[in-house]
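Reading through the structure tokens given below for one structure.
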Amino acid sequence: MDAESAELQQAIAHGKIDGAREMNQSDKLLAGARLFDVVRHRMLAGIRDRHPDWTEAEVEAAFTEQLGTVRRLEDRGIFTPIGHE
């Protein structure tokens, strides 16, 4: 990545951080729920893409299993979400 692209990425990140700091608590809660929903849809799409023959119940079960794995790793201190160091 060149220096100009890195600067642009940094400026975008700072803008997002500043916007988040200006949000009230209820807006932050809604943003978190929306973010989870976006990630959930992307994860489900990825599972469907890897397993096109699976039923919706199998896709949902795989998602639940993946989410459980992440939570177990967090609990054991192996994986730490960004911003929770």
* Asked: Side chains of R34 and D37: closer than 4.5 Å at any heavy-atom pair?
  -> no

* Over all heavy atoms of both residues, which pair between E56 and R48 is shortest? Give the atoms and the distance, please. => OE2-NH2, 2.6 Å

* **Same cluster (ILVMFWY, side-chain, under 4.5 Å), V70 and F63** => no

* Output yes when a side-chain donor or acceptor of R50 lies under 3.5 Å from a complementary backbone atom of G46, and no otherwise. => yes

* Output yes when a side-chain donor or acceptor of E22 lies under 3.5 Å from a complementary backbone atom of G19, and no otherwise. => no

* With L44 as reference, evaluate D49, V39, V59 under the side-chain contact (heavy atoms from CB on, under 4.5 Å) test and give the passing residue. => V59

* What's the spacing between Q10 CD and I17 CD1 if we round to 0.5 Å? -> 9.0 Å

* Structure fact -> Looking only at heavy atoms, the pair that brings D27 and N24 closest together is N-OD1, 2.8 Å

* Straight-line distance of E60 CD to W54 CH2, nearest 0.5 Å -> 12.0 Å

* Asked: Which heavy atom in M23 sits nearest to a heavy atom in A31, and how many Å separate them?
  -> CE-CB, 3.8 Å

* What is the distance from atom CG of L35 to atom NZ of K28, rounded to the nearest 0.5 Å? -> 14.5 Å

* To do: Find the distance between CD (E58) and CG (D53) and round it off to the nearest 0.5 Å.
  => 7.5 Å

* Taking the side chain as every heavy atom from C-beta outward, state whether I47 and Q66 have any pair of such atoms under 4.5 Å apart. => yes

